[in-house]
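Counting starts at 1 for both ligands and their atoms, in listed order. We count residues from 1, following the sequence as given.
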Amino acid sequence: MQDNTAAADHVDLCIIGSGSGLSLIDDDINDWQIALIDNGIGPNDAFGGTCLNAGCIPSKMFSFPATYALAPTHAARVDVDLGVQGIDFKAIQARTFGRTDAISASGLAGLIRRENLQVLFGSATFVDDHTVRVGHRQITADRIVIAAGSRPRQVRAPGFDDPYLQAFVYTSESIMRVEELPQRLIILGGGIEAVEFAHIFAAMGSQVSIISRSEPLLRALDSSVAIRVTEELAQRLVLRLNQSVIGLDSDDAGGVVVSTQDAHGIEYTYQADAVLTCVGRIPNGDQLRVDKAGISLDEKGFIPVDQYLRTSVPHIWALGDVCSPQMLKHLANAQARLVKRNLLAERAGRPLEARDERFVPQGIFTEPQVASVGATEEQLQESGVDYVVHVQEYASVAYGWAMNDIDHFVKLLADPTGEHLLGAHIVGPDATILIQPLVQAMNLNQTISDVAKGQYWIHPALTEVVENALLGVLRVAAEQSAAL
Ligand SMILES: Cc1cc2nc3c(=O)[nH]c(=O)nc-3n(C[C@H](O)[C@H](O)[C@H](O)COP(=O)(O)OP(=O)(O)OC[C@H]3O[C@@H](n4cnc5c(N)ncnc54)[C@H](O)[C@@H]3O)c2cc1C
Ligand SMILES: NC(=O)c1ccc[n+]([C@@H]2O[C@H](COP(=O)([O-])OP(=O)(O)OC[C@H]3O[C@@H](n4cnc5c(N)ncnc54)[C@H](O)[C@@H]3O)[C@@H](O)[C@H]2O)c1
């Protein structure tokens with residue numbers, strides 16, 4: 001990576017982080033001198049952030065072929081006898097990283113050609129609110145954007161800091177580049193990464209066990225969805241729930257032993273060839289010395305930002321995982337677009353634009369797929385908001401019959417008048433696609449009636465389950481108000 005010491009030490013804009021921060025750089029700000037600082041992702045110190053190098057994109061390039069491995073089970077439901085001859089893990093690795101590494105390299109090469117941009121490789125720390133240090137350079141900037149992302153949380157238990165044992169421990173940044181497919185893989189954690197990687201590695205041929213300190217998996221989701229996913233994964237994987245990890249040791253056969261303890265103090269041991277930690281991510285603000293710029297982190301380590309994505313220091317902005325607990329790429333991208341518009345607005349003396357993050361959807365690419373937007377039923381109950389609920393089974397529509405689906409559903413939560421959705425949760429095939437009209441309805445303030453009745457729904461496509469879910473929740477609301 002270029003570290004051009006002849007370049008100016010004062011710039012108009014300094015960006016920390018080459019993930020979503022990269023999209024700030026385009027021809028609209030060609031008249032600004034820009035510094036972009038990045039310290040790289042994963043074992044290769046890859047340029048371009050998490051999504052491209054170790055997150056959304058490679059993990060989905062693994063999970064798509066993994067889903068084929070379940071085709072025999074799905075096919076058997078509709079009287080087709082399929083066999084999987086095998087999955088070529090090395091070929092999937094080569095195809096995935098052949099593509100993402102090339103995009104990372106060409107993206108960097110394209111940036112370096114920009115005359116108004118200097119790219120600095122290393123870890124940025126603040127010296128004061130206008131000055132950032134990277135290696136031996138100090139860059140002063142009129143404005144700074146912090147887009148430094150997050151990193152995997154480490155497990156704190158005896159053995160996890162042992163250099164010999166660390167060779168067996170992987171995170172999302174290293175597991176997809178593992179030299180050999182582990183025969184026995186233990187995944188620690190019960191969240192999104194855990195269920196996505198469990199699906200991938202079980203399909204590739206590893207014996208996968210998930211160890212989670214709570215129950216069900218995906219506990220932050222609507223509980224009916226979380227329970228459904230947990231039940232289905234339990235049919236294919238070993239689940240050890242409600243157990244806390246208390247240690248890691250070597251075994252006599254060249255592997256490792258993970259020790260756990262349950263709520264009653266009973267201890268268990270599990271042998272593995274590799275351990276993947278999926279116990280959450282830590283925002284990287286703590287490594288930036290933001291206090292030197294006059295910024296304090298919140299109690300969870302995020303950089304606080306206002307409705308315009310400005311930090312407490314008006315010329316320092318933040319976006320993405322470093323300031324957003326949801327940690328989702330489509331949110332980081334939207335924030336980068338907003339920061340860009342606000343930088344231009346400020347330059348032109350126009351009013352700033354506020355963010356709208358009421359209805360940020362989420363898709364989880366395990367088997368079964370999950371998608372959700374808005375409130376869960378538990379959140380509505382906790383906050384005392386009145387609601388009506390309707391669950392529409394895939395099995396209730398013609399395409400669900402064609403699939404012979406018996407397990408999956410769309411769950412809608414609406415205000416008691418049946419006018420607007422409060423939450424939508426889907427578990428089952430193509431959930432991440434089926435949710436989109438509901439995301440649209442909530443973000444564009446469309447009524448349930450308009451979305452359900454104001455358009456043609458293709459017959460007999462699976463989207464009819466969404467249409468019927470909308471009609472169903474309208475019916476429940478009407479019945480409830482008639483009963484009052
Ligand atoms: C396995 C996995 C799968 C995921 N799948 C999905 C998905 O399917 N859908 C989805 O929406 N989201 C997904 N995510 C989340 C998504 O990847 C992140 O929300 C998103 O990439 C965050 O973007 P960002 O720009 O905030 O941070 P990043 O893309 O991480 O960019 C931050 C950059 O800053 C650099 N940096 C950090 N500290 C410093 C410093 N001090 N100095 C200089 N540079 C620094 C880092 O090296 C990095 O390049 C996934 C995440 C993981 C781990
Ligand atoms: N498809 C997607 O959108 C996608 C995919 C992967 C990751 N991500 C993003 O990345 C972020 C991180 O994912 P994740 O699965 O690591 O986090 P998560 O917050 O979804 O799950 C973390 C899990 O680790 C457990 N945990 C936390 N601390 C622990 C400890 N000390 N010991 C044992 N268990 C512990 C939690 O109980 C939870 O089950 C998420 O916020 C998510 O938005 C998104």
message: I'd like to know if the side chain of Asn53 reaches the main chain of Gly49, judged simply by a donor and an acceptor atom lying under 3.5 Å from each other, with no hydrogens or angles considered.
response: yes
- line: Residue, atom and distance of the protein heavy atom nearest atom 30 (C) of ligand 2 read Arg213 NH1, 3.5 Å
task: Indicate, as side chain, backbone, both or neither, the part of Ala124 found under 4.0 angstrom from ligand 1 when only non-hydrogen atoms are considered.
output: both
task: Could you establish whether Phe197 and ligand 1 come within less than 4.0 Å of each other, counting only heavy atoms on the residue side?
output: yes
field: Side-chain donor-acceptor pair present, Ser104, Asp101, cut-off under 3.5 Å
entry: no
- prompt: Given that the side chain starts at C-beta and the backbone is N, CA, C, O, which of these parts of Ile192 lies under 4.0 Å from ligand 1, counting heavy atoms, or is it both or neither?
  reply: neither
query: In terms of atom number and element, which parts of ligand 2 are under 4.0 angstrom from non-hydrogen atoms of Gly363?
result: 1 (N), 2 (C), 3 (O)
query: Going by heavy atoms, is Lys60 under 4.0 Å from ligand 1?
result: yes
task: Quick one: look at Ser324 and ligand 1, take heavy-atom pairs under 4.0 Å, and tell me if it's side chain, backbone, both or neither.
output: neither
- prompt: Hey, looking at atom 22 (C) of ligand 2, which of Pro361, Ser172, Gly280, Ser214 has the closest heavy atom?
  reply: Gly280
task: Answer with side chain, backbone, both or neither: which part of Ser20 has a heavy atom less than 4.0 angstrom from an atom of ligand 1?
output: both
field: Candidate list Gln335, Gln326, Gln307, test side-chain hydrogen bond (donor to acceptor under 3.5 Å, both in side chains), partner Glu357, passing option
entry: Gln335
query: Is Asn284 touching ligand 1 with its side chain, its backbone, both, or neither, if touching means heavy atoms under 4.0 Å apart?
result: side chain
message: Students should be able to answer this: which protein heavy-atom is nearest to atom 9 (C) of ligand 2, and at what distance?
response: Met327 O, 3.4 Å
field: Cation over ring face, Arg177 and Phe97, 6.0 Å, 45°
entry: yes
statement: Checking heavy atoms under 4.0 Å, the part of Arg151 that sits near ligand 1 is neither
Asn30 and Arg114: side chain donor to acceptor below 3.5 Å: yes
message: Would you call the rings of Tyr68 and Phe64 parallel, tilted or perpendicular, taking 30° and 60° as the class edges?
response: perpendicular
